[in-house]
Peer 1: 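Mind looking over this structure? Questions follow.
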Amino acid sequence: MALIVQKFGGTSVGSVERIQAVAQRVYKTVKTGNSLVVVVSAMGKTTDGLVKLATEISKNPCRREMDMLLSTGEQVSIALVSMALQELGQPAISLTGAQVGIVTEAEYTRARILHIETERIFKHLKEGKVVIVAGFQGISRTEDLEITTLGRGGSDTSAVAIAAALRADFCEIYTDVPGILTTDPRLVPEAQLMSEITCDEMLELASLGAKVLHPRAVEIARNYGVPLVVRSSWTDDPGTWVTSPQAKGRSLVNLEIARSVDDIAFDTEQAKVALLRVPDKPGVAARLFGEIARQDVDVDLIIQSIHEGNTNDIAFTVMTPILNKAEAVAAAIAPVLRSQKNPEAGEAEVMVQHNIAKVSIAGAGMIGRPGVAAKMFATLAEAGVNIQMISTSEIKVSCVIDDEECDRAVAALRQAFEIDTPQTRHGASLHPHPLVRGVALDMNQARLAIRQVQDRPGTAAKLFGLLADKNISVDMIIQSQRCHVVGGVPKRDIAFTVARMDAEAAQEMLQQAAVEYGWGEVVLDKAIAKVSIVGAGMIGQPGVAAKMFEALAQHHINIQMITTSEIKISCVVSQEEGVKALQAIHTAFGLAGSETFVIPA
Ligand code: ADP
Ligand code: ASP
Ligand code: MG
């Protein structure tokens with residue numbers, strides 16, 4: 001006897017036959033003695049069709065009317081699923097988000113769930129009914145009871161949030177693939193099914209466009225400890241479990257917005273090695289990190305950014321005790337790299353900085369909330385701490401700073417984010433995990449670079465604060481290592497990626513800011529792809545990055561940008577090489593299986 005939430009995606013309810021098959025599955029689950037809440041998406045590609053209709057009427061439709069329109073898709077499918085159950089003799093009732101009381105912010109097209117009323121659902125369950133709830137939609141708390149939607153793919157989030165609110169035993173997400181695979185089977189048919197994945201790994205993957213699970217659904221599962229499984233609605237196979245750490249007994253009020261940061265971590269005794277002016281061509285990173293891995297040096301953060309002209313800076317951090325070894329490798333390789341290419345680029349140069357520290361904020365609630373990173377930068381600026389390197393991932397933002405400023409930085413961040421548990425040192429994970437769990441490709445990003453930004457506390461805060469004000473989330477952020485002194489002021493380039501749909505707005509806004517603050521040119525490149533590997537087992541393991549770079553080098557794919565977090569390494573490559581890069585990396589890590597997946601039409 002369990003209380004289960006089952007969610008069926010668009011293809012799973014895409015036709016009358018599919019709806020009947022779903023009803024059969026639900027019926028069987030009830031007959032084995034369980035109580036069931038079923039969350040459904042709109043049938044097939046209904047939502048896409050509605051979006052298309054809207055854009056035929058208006059180039060830029062009003063967001064309120066979009067929600068009014070898009071929420072209709074789910075209203076159709078819940079009624080049909082309920083009817084199909086009733087046909088089987090199973091009492092059922094369909095409810096819209098408003099009827100349940102899925103209360104959200106009054107933010108059209110991307111509302112976050114504040115809280116879910118459970119009374120009506122429990123009442124119907126007690127009556128022996130299956131409750132069918134419309135996914136993706138909610139209602140604002142304002143007097144006008146406005147219809148809102150959670151953002152595309154948001155039914156997963158509805159389902160997990162309902163499971164959390166009802167304290168259901170588990171939540172099953174039924175879709176058109178057998179579970180979570182090592183990569184998207186539409187791009188790599190040899191992708192293999194995983195039996196489990198940690199929430200942190202899944203958050204990184206989901207945010208990279210592995211759209212099998214909405215990242216916010218994973219965030220809720222992690223925060224509330226909801227047992228979550230992704231399965232095929234075509235078979236009875238067990239699927240993939242998404243495992244959460246012990247839940248912290250959070251309040252169900254402000255469900256999706258309560259706490260964005262739940263840990264502050266730091267590492268001292270770090271050093272940074274930077275190689276300046278290395279050639280911008282395939283194979284360079286592979287060569288450098290290949291040699292570093294052969295010397296068994298474990299690097300932590302890696303960043304690479306591009307520059308005017310065609311040279312790159314690559315920088316990485318290591319623990320101080322192995323600095324000498326790392327520096328020796330970099331020094332030995334620098335002249336080799338230079339001699340291979342255009343001599344007019346000047347000398348490649350090795351720069352070492354001792355006594356640096358890394359401070360990070362971590363928490364599943366940063367996704368889509370650009371204000372969180374901006375607040376970190378602003379807090380560091382107020383404390384007078386200069387940021388030397390930034391590394392971002394969906395669940396963590398890390399800044400490399402001067403070692404001497406670490407205590408001050410940590411204290412300021414703890415106060416700003418109201419963290420009262422003892423701060424932690426970064427550390428290796430306690431459980432054995434695969435080095436690389438999955439590979440993802442994100443083709444929806446664009447790169448912006450701002451030339452010659454002042455290198456002083458407050459610059460990142462200003463820049464990312466401006467973007468946050470416009471609700472534009474920034475993904476990879478890379479500050480160049482090279483510093484030009486212009487008129488006595490040290491200046492660096494800063495590059496980052498944003499969602500492609502935000503790119504023009506971001507560029508326009510930053511061009512205005514550049515005039516005001518004396519920054520240089522703002523350059524936009526939309527033809528990029530980001531390919532990433534994710535795995536909790538890569539912490540403290542030398543050679544993982546080298547292997548990824550080597551796979552790209554073998555296919556003559558040039559790396560434009562690199563960033564890493566503890567459990568993820570991402571490279572930006574040109575858009576047309578994105579799929580090839582994904583396939584190469586997937587194969588290099590031995591993730592391809594002998595079976596190929598056939599996705600139901
Ligand atoms: P639903 O309509 O059921 O919500 P989606 O289309 O939103 O289904 O998500 C399922 C799709 O996610 C799959 O058909 C697959 O193409 C895609 N996908 C991307 N990455 C992965 C991955 N790593 N594992 C499984 N599926 C993936
Ligand atoms: N129907 C919505 C969409 O297509 C929500 C969902 O399917 O999760 O985006
Ligand atoms: Mg989906």
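Quick caveat: nothing in here was measured; it's all calculated off a predicted structure.
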Peer 1: Do Met561 and Thr563 come within less than 4.5 Å of each other through their side chains, counting heavy atoms only?
Peer 2: no
Peer 1: Please report the interatomic distance CD1(Ile303) to CD1(Ile478), rounded to the nearest 0.5 Å.
Peer 2: 6.0 Å
Peer 1: Show your reasoning for whether side-chain contact (heavy atoms from CB on, under 4.5 Å) applies to Leu193 and Asp237.
Peer 2: CA-CA 11 Å; Leu193 181 66; Asp237 296 340; over 6 Å; no
Peer 1: Is the closest side-chain heavy-atom distance between Val372 and Ser260 below 4.5 Å?
Peer 2: yes
Peer 1: I'd like to know if the side chain of Gln295 pairs up with that of Glu291 as donor and acceptor (distance under 3.5 Å, no hydrogens or angles considered).
Peer 2: yes
Peer 1: Flag the pair Met538 / Ile569 as yes when at least one side-chain heavy-atom distance between them is below 4.5 Å, and no otherwise.
Peer 2: yes
Peer 1: Keeping Thr182 on the side-chain end and Gln192 on the backbone end, is there a donor-acceptor pair under 3.5 Å?
Peer 2: yes
Peer 1: I'd like to know if the side chain of Thr240 and the backbone of Met194 have a donor-acceptor N/O pair within less than 3.5 Å.
Peer 2: yes
Peer 1: Parallel, tilted or perpendicular: which one describes the rings of Phe8 and Tyr174, with boundaries at 30° and 60°?
Peer 2: parallel
Peer 1: Verify the distance criterion only: is there a donor paired with an acceptor across the side chains of Thr148 and Asp67 at less than 3.5 Å?
Peer 2: no
Peer 1: So that I can tick it off, tell me whether Asp263 and Lys396 are bridged by a salt bridge, with the cut-off set at under 4.0 angstrom between side-chain N and carboxylate O.
Peer 2: no
Peer 1: Quick one: closest heavy-atom pair of Val273 and Ala330, and the distance?
Peer 2: CG1-CB, 3.8 Å
Peer 1: Please determine if Arg18 forms a cation-pi arrangement with Trp234, meaning its NZ or CZ atom is less than 6.0 Å from the six-membered ring centre and no more than 45° off the ring axis.
Peer 2: yes
Peer 1: If you look at every heavy atom in Asn471 and Arg110, which pair is closest and at what distance?
Peer 2: ND2-NE, 3.2 Å
Peer 1: Any donor-acceptor pair under 3.5 Å linking the side chain of Thr175 with the backbone of Gly9?
Peer 2: no
Peer 1: Can you tell me how far the NE2 atom of His214 sits from the OG1 atom of Thr157, to the nearest 0.5 Å?
Peer 2: 4.5 Å
Peer 1: Taking Gln6 for its side chain and Glu172 for its backbone only, find out whether a donor-acceptor pair lies under 3.5 Å.
Peer 2: no
Peer 1: Report the C-alpha separation of Thr587 and Glu190 in whole Å, then their side-chain angles, then the decisive distance to 0.1 Å, and conclude whether the side-chain contact (heavy atoms from CB on, under 4.5 Å) test is met.
Peer 2: CA-CA 9 Å; Thr587 309; Glu190 300 79 21; over 6 Å; no
Peer 1: Less than 4.5 Å apart, side chain to side chain, heavy atoms only: is that true for Val242 and Cys199?
Peer 2: yes
Peer 1: Between the main-chain N or O of Val439 and the side-chain N or O of Thr183, is there a donor-acceptor pair closer than 3.5 Å?
Peer 2: yes
Peer 1: Keeping Arg216 on the side-chain end and Glu256 on the backbone end, is there a donor-acceptor pair under 3.5 Å?
Peer 2: no
Peer 1: Using atom types as modelled and distance alone, determine if a side-chain donor or acceptor of Ser532 lies under 3.5 Å from a backbone N or O of Ala440.
Peer 2: no
Peer 1: Distance check, rounded to the nearest 0.5 Å: Ile102 atom CD1 versus Ile162 atom CD1?
Peer 2: 4.0 Å
Peer 1: Please report the interatomic distance CG(Leu213) to CD(Glu219), rounded to the nearest 0.5 Å.
Peer 2: 13.0 Å
Peer 1: Is there a donor-acceptor pair closer than 3.5 Å between any side-chain N or O of Thr317 and the backbone N or O of Leu301?
Peer 2: yes
Peer 1: Taking atom types as modelled, find out whether Ser71 and Gln137 have a side-chain donor-acceptor pair closer than 3.5 angstrom.
Peer 2: no
Peer 1: Counting distance only, does the side-chain N/O of Glu74 pair as donor-acceptor with the main-chain N or O of Phe136 below 3.5 Å?
Peer 2: no
Peer 1: Please give me the minimum heavy-atom distance between Gly73 and Thr46, naming the atom from each residue.
Peer 2: CA-CG2, 4.0 Å
Peer 1: Once you round to the nearest 0.5 Å, how far does CG of Leu435 lie from CD1 of Ile539?
Peer 2: 11.0 Å
Peer 1: Which of these, Met548, His586, Lys568, sits in a side chain to side chain contact (heavy atoms under 4.5 Å, CB included) with Ile533?
Peer 2: Met548
Peer 1: Can you give me the closest heavy-atom contact between Ile220 and Ala161, atom names plus distance?
Peer 2: CD1-CB, 3.9 Å
Peer 1: For Val359 and Met376, what are the C-alpha separation, side-chain angles and deciding distance, and is it a side-chain contact (heavy atoms from CB on, under 4.5 Å)?
Peer 2: CA-CA 10 Å; Val359 288; Met376 177 186 198; 4.2 Å; yes
Peer 1: When you check the gap from the basic side-chain N to the acidic O, do Asp48 and Arg152 get nearer than 4.0 Å?
Peer 2: yes
Peer 1: Between Asp200 and Arg437 (salt bridge meaning N to carboxylate O under 4.0 Å), is one present in this structure?
Peer 2: no
Peer 1: Check whether Arg222 reaches the backbone of Pro245 with its side chain - one donor and one acceptor, N or O, closer than 3.5 Å.
Peer 2: no
Peer 1: If you take all heavy atoms of Gly10 and Ser41, which pair is closest and at what distance?
Peer 2: N-CB, 3.6 Å
Peer 1: Just wondering, do Ser158 and Val133 contact through their side chains at under 4.5 Å, heavy atoms?
Peer 2: no
Peer 1: Are Arg369 and Arg112 close enough that some pair of their side-chain heavy atoms sits under 4.5 Å apart?
Peer 2: yes
Peer 1: List the steps and the verdict of side-chain contact (heavy atoms from CB on, under 4.5 Å) for Gln304 and Val284.
Peer 2: CA-CA 11 Å; Gln304 180 201 300; Val284 171; over 6 Å; no
Peer 1: Kindly compute the distance separating OG (Ser574) from NZ (Lys580), expressed to the nearest 0.5 Å.
Peer 2: 8.5 Å
Peer 1: Given side chains that start at C-beta, do those of Thr392 and Phe496 come closer than 4.5 Å, heavy atoms only?
Peer 2: no
Peer 1: What closest approach, in Å, do Val13 and Ala42 show between heavy atoms, and which atom pair accounts for it?
Peer 2: CG2-O, 4.1 Å
